[in-house]
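One structure is given here, and the rest of the page talks about it.
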Amino acid sequence: MESSPYKCWTLIHYNYIIRFVTMVLRSHATPFLLVSSTCTGGYGNYLFAMSERIAKQSTDTLDFKKLSLGWMIGFLFAVSFLGLFSVVPLRKIMIIDFKLTYPSGTATAHLINSFQTPQGAKLAKKQVRELGKFFTISFLWGFFQWFYTAGENCGFANFPSLGLKAYDSKFYFDFSTSYVGVGMICPHIINISLLVGGILSWGLMWPLIEDRKGDWYPADLSSDSFSGLQGYKVFIAIALILGDGLYNFLKVLCQTIVGLSHQLRYKDASSGLPVADHSSLVSSQFSYDDKRRTQLFLKDQIPTLFAIGGYVAIAAIAMAILPHIFHQLKWYHILVIYIFAPTLAFCNAYGCGLTDWSLGSTYGKLSIFIIGAWAGASHGGVLAGLAACGVMMNIVSTASDLMQDFKTGYLTLASPRSMFVSQIIGTAMGCVISPCVFWLFYKAFDDLGQPGSQYPTPYAVVYRNMALLGVKGFSGLPKNCLLLCYVFFGGAIMINLTRDLVGKKWARFIPIPMAMAIPFYLGSYFAIDMCVGSLILFVWGKINKAKADALGPAVASGLICGDGIWTLPASIFALAGVKPPICMKFLSRGNNAKVDKFLGS
């Protein structure tokens with residue numbers, strides 16, 4: 001779920017809502033880029049990986065940074081704007097000269113344009129009604145569940161719907177409307193991949209490895225020790241993620257090189273990219289609509305000197321500020337990152353235009369290993385690598401997001417200068433609002449980031465252990481763990497290669513390694529919820545495909561947002577010391593008899 005097509009689902013559904021409201025208002029105004037900082041802010045990965053809570057779950061419990069709202073806001077302000085300035089001079093080349101498609105941006109533009117018709121206005125009203133209805137249902141369901149969560153492992157979220165044995169192996173339906181909604185938004189293959197990964201790991205591998213306790217690893221280790229079973233769970237998942245990321249990085253890089261060489265070889269504006277429909281480009285090139293779009297897109301120019309000057313100025317400020325926030329990250333580390341960042345931002349934006357894949361997280365992981373190894377374990381390489389990851393992710397991800405929105409603006413006749421200003425305002429808002437929301441959760445939920453909790457943040461553990469690998473190597477891994485990592489790393493590459501070789505017709509039946517990796521550490525409960533959402537949408541599509549296509553995203557967004565908004569009053573209750581009145585637990589018949597006997601005595 002790190003990168004497209006399994007993007008950060010928070011970004012997907014909130015972008016949907018913001019753009020949806022824009023459509024309903026019948027305006028071509030550009031939505032602020034407020035929600036991008038939710039993903040690139042690192043609250044579920046690199047930033048939270050620096051915290052003491054996550055450090056205690058790894059082999060290095062000393063190298064951490066105490067989380068503070070002040071430095072998080074300062075860090076985001078220092079790194080979030082560079083990506084906007086890095087690709088502004090290239091917007092004409094990307095959108096008009098190269099005619100990159102940017103599928104998500106194009107789809108959003110067509111959707112916005114379709115809502116400017118009478119038929120679209122009627123559909124918009126129906127979608128608003130459905131979104132509001134399922135938002136209310138989801139919010140009230142979350143409120144109802146809260147009454148039964150007075151203790152640990154209480155409530156509907158811990159209902160052993162598939163049996164107690166399956167529950168112990170993380171196979172159960174936890175009644176989360178958020179995950180059901182996410183399952184309705186994600187493609188079917190993503191949900192199936194998650195379930196396959198859960199079955200492979202928790203249903204097969206972990207029980208087999210646990211049977212070798214005392215041989216492969218000491219039998220007296222705690223369940224969360226990375227020298228035991230926990231090490232297999234985390235590092236095999238990392239191997240899958242890195243294998244998938246490396247393959248797709250090389251794939252997009254090759255496509256980028258081929259596309260660029262094609263453009264440089266044939267500078268004629270009528271030439272299309274190898275992945276585009278050449279005939280359609282030629283036929284529409286001289287249309288009135290294209291001429292009008294190009295004229296408006298080039299009318300409000302953003303001076304190149306302004307963009308370059310802005311990048312240099314912000315980079316200089318960041319080089320002065322970041323070493324004070326992270327003493328382990330030196331100014332020369334940041335300088336090297338900022339020298340190479342525009343090139344990587346261009347590659348990411350160009351590749352995203354070809355394939356709709358943003359590889360920001362992959363560039364971030366690359367920074368973890370390079371900067372972490374450069375700094376060294378004795379000089380805080382773990383924190384240096386994680387901080388460098390945040391810097392790189394913010395730059396390259398923001399660049400590709402901005403270019404997607406420029407494509408949307410080009411097709412909807414929006415002013416590029418107004419869009420750029422909106423992006424700056426939205427980014428500034430996100431630098432303040434998103435850390436504040438995270439801080440509310442961090443203070444309200446003491447088990448945030450803990451395995452088995454409501455918010456386990458598995459990627460934070462994964463990113464921290466990547467940083468540890470970068471600075472300490474593989475010496476601390478349990479027996480045969482490295483061999484299994486090699487096998488799954490190679491397996492991820494082979495699965496992706498097979499998906500590309502067999503074509504789209506058969507690739508939709510082959511699981512995606514990145515999605516398979518997530519349940520390796522977390523379990524399958526959320527995958528079951530998402531498969532339920534996928535099943536609902538599938539059956540709905542069989543009954544009435546047109547209605548499912550039109551209203552499905554609105555229903556899914558209502559389910560997600562209702563449950564998400566409920567967490568705000570739940571957080572306030574927790575901060576105020578208001579506790580639920582009832583604890584609903586589920587016991588086996590034997591344990592229940594013991595409880596009855598104890599109460600009877």
Side-chain angles (χ1 to χ4, degrees), residues 7-36 38 104-144 176-187 404-405 408-409 411-414 418-419 422 425-426 429-430 433-434 437 529-530 532-534 536-541 543-569:
K7 296 176 181 176
C8 171
W9 63 264
T10 314
L11 180 61
I12 294 174
H13 85 262
Y14 279 118
N15 262 340
Y16 172 82
I17 294 168
I18 292 173
R19 285 167 175 158
F20 182 80
V21 171
T22 304
M23 300 170 210
V24 173
L25 294 176
R26 301 175 62 77
S27 167
H28 288 302
T30 304
F32 292 154
L33 192 65
L34 170 63
V35 291
S36 286
T38 304
S104 292
T106 301
T108 302
H110 288 316
L111 192 60
I112 292 175
N113 288 335
S114 71
F115 275 79
Q116 311 310 311
T117 64
Q119 296 84 359
K122 291 180 180 179
L123 179 60
K125 291 179 181 178
K126 290 181 181 179
Q127 289 183 321
V128 169
R129 189 164 53 247
E130 291 298 312
L131 189 149
K133 180 171 68 176
F134 282 91
F135 173 92
T136 304
I137 292 172
S138 181
F139 183 88
L140 293 177
W141 174 242
F143 182 41
F144 175 75
S176 169
T177 53
S178 282
Y179 285 129
V180 172
V182 174
M184 294 179 68
I185 289 177
C186 287
Q404 287 271 18
D405 286 340
T408 301
L411 295 174
T412 56
L413 302 179
S418 298
M419 292 181 65
S422 297
I425 296 173
M429 291 169 61
I433 295 174
S434 57
V437 174
D529 295 354
M530 291 175 66
V532 169
S534 191
I536 291 172
L537 191 65
F538 178 78
V539 173
W540 192 3
I543 297 173
N544 190 331
K545 188 176 189 306
K547 195 171 183 179
D549 291 342
L551 301 180
V555 170
S557 295
L559 291 173
I560 295 168
C561 293
D563 190 45
I565 294 298
W566 160 248
T567 58
L568 294 179

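By convention here, the first residue in the shown sequence is residue 1.
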Nearest heavy-atom neighbours spanning [X] and [Y]:
| X | Y | answer |
| --- | --- | --- |
| A556 | M184 | CB-CB, 3.8 Å |
| W540 | G552 | CZ3-CA, 3.8 Å |
| S178 | G564 | OG-N, 4.2 Å |
| M419 | A414 | SD-CB, 4.1 Å |

Contacts of type side-chain hydrogen bond (donor to acceptor under 3.5 Å, both in side chains), residue [X], not counting sequence neighbours:
| X | value |
| --- | --- |
| K547 | none |
| S534 | H188, N191 |
| N544 | none |

How long is the span from the [atom1] atom in [X] to the [atom2] atom in [Y], to the nearest 0.5 Å?
| X | Y | atom1 | atom2 | result |
| --- | --- | --- | --- | --- |
| C186 | L537 | SG | CG | 11.0 Å |
| F538 | I543 | CZ | CD1 | 11.0 Å |
| L131 | L551 | CG | CG | 10.5 Å |
| I560 | I185 | CD1 | CD1 | 3.5 Å |

Using a 3.5 Å distance criterion without hydrogens, assess whether the side chain of S557 forms a donor-acceptor pair with backbone atoms of A554. no
Sidechain-backbone polar pair: S138 side chain, F134 backbone, donor-acceptor under 3.5 Å: no
Aromatic ring pairing F143/W566, orientation class (parallel under 30°, perpendicular over 60°, tilted between):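 Ring orientation, 0 to 90° scale: tilted.
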Could you check if a side-chain atom of Y179 sits within less than 4.5 angstrom of a side-chain atom of D563, using non-hydrogen atoms only?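 With C-beta onward as the side chain, the pair stays apart.
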